[in-house]
Amino acid sequence: TVGDEPLCGEVVAIGNGDVFEGNKTEMLVSVGDKVLYNKYGATTFKCDDEEYIVLRQSDIFGIFKENN
């Protein structure tokens, strides 16, 4: 909704991408990246008392890459 600010999180795992109209979508995020995302596009779950969020790459507004 209007006025909701995006949330920030750190990528801890990534999937294999998706297939759209017969073409494989490349994953643009990497483990360790910080991302901005819409809380309404996220699915939250707990595992071993840690809370995790699952997102589609299309729900990510921005990616902050770590410089090595």
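Please read all numbers here as calculations on a predicted model, not as lab measurements.
Counting heavy atoms from C-beta outward, Thr44 and Tyr52 have side chains that stay 4.5 Å or more apart.
Evaluation of the salt bridge (Lys or Arg N to Asp or Glu O under 4.0 Å) test over residues 11-21, restricted to residues two or more places apart or in two chains, returns none. Sorted by first and then second residue, the salt bridge (Lys or Arg N to Asp or Glu O under 4.0 Å) pairs involving residues 40-60 (not counting sequence neighbours) form an empty list.
Cluster annotation: Ile63 is connected to Leu7 through the hydrophobic network of ILVMFWY side chains, with a link wherever side-chain heavy atoms come within less than 4.5 Å. Using a 4.5 Å cut-off between side-chain heavy atoms of Ile, Leu, Val, Met, Phe, Trp and Tyr, with links allowed through other members, Ile14 and Ile60 fall into the same hydrophobic cluster. One hydrophobic cluster, built from ILVMFWY side chains closer than 4.5 Å, cannot hold both Tyr40 and Leu55; they sit in different ones.
In this view, Lys34 and Glu10 satisfy the salt bridge (charged side-chain N to carboxylate O under 4.0 Å, His left out) rule, not counting sequence neighbours.
When atom types are taken as modelled, the side chain of Gln57 and the backbone of Leu28 share a donor-acceptor pair closer than 3.5 angstrom.
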Worked verdict on Val35 versus Val11 for side chain to side chain contact (heavy atoms under 4.5 Å, CB included): CA-CA 7 Å; Val35 295; Val11 178; 3.8 Å; yes
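Taking Ile, Leu, Val, Met, Phe, Trp and Tyr as hydrophobic and joining them when side-chain heavy atoms fall under 4.5 Å apart, one finds Val19 isolated, its cluster having no other members. Annotation for Phe20: hydrophobic cluster partners, listed by chain and number, are none (ILVMFWY side-chain heavy atoms under 4.5 Å, direct or chained). Phe64 belongs to a hydrophobic cluster with Leu36, Phe61, counting contacts under 4.5 Å between side-chain heavy atoms of Ile, Leu, Val, Met, Phe, Trp and Tyr, direct or through other members.
Taking both residues in full, the closest heavy atoms of Ser30 and Lys65 are given as OG-NZ, 3.5 Å, listed atom of the first, atom of the second, then distance. The shortest non-hydrogen separation linking Ala42 to Tyr37 is CB-CE1, 4.2 Å.
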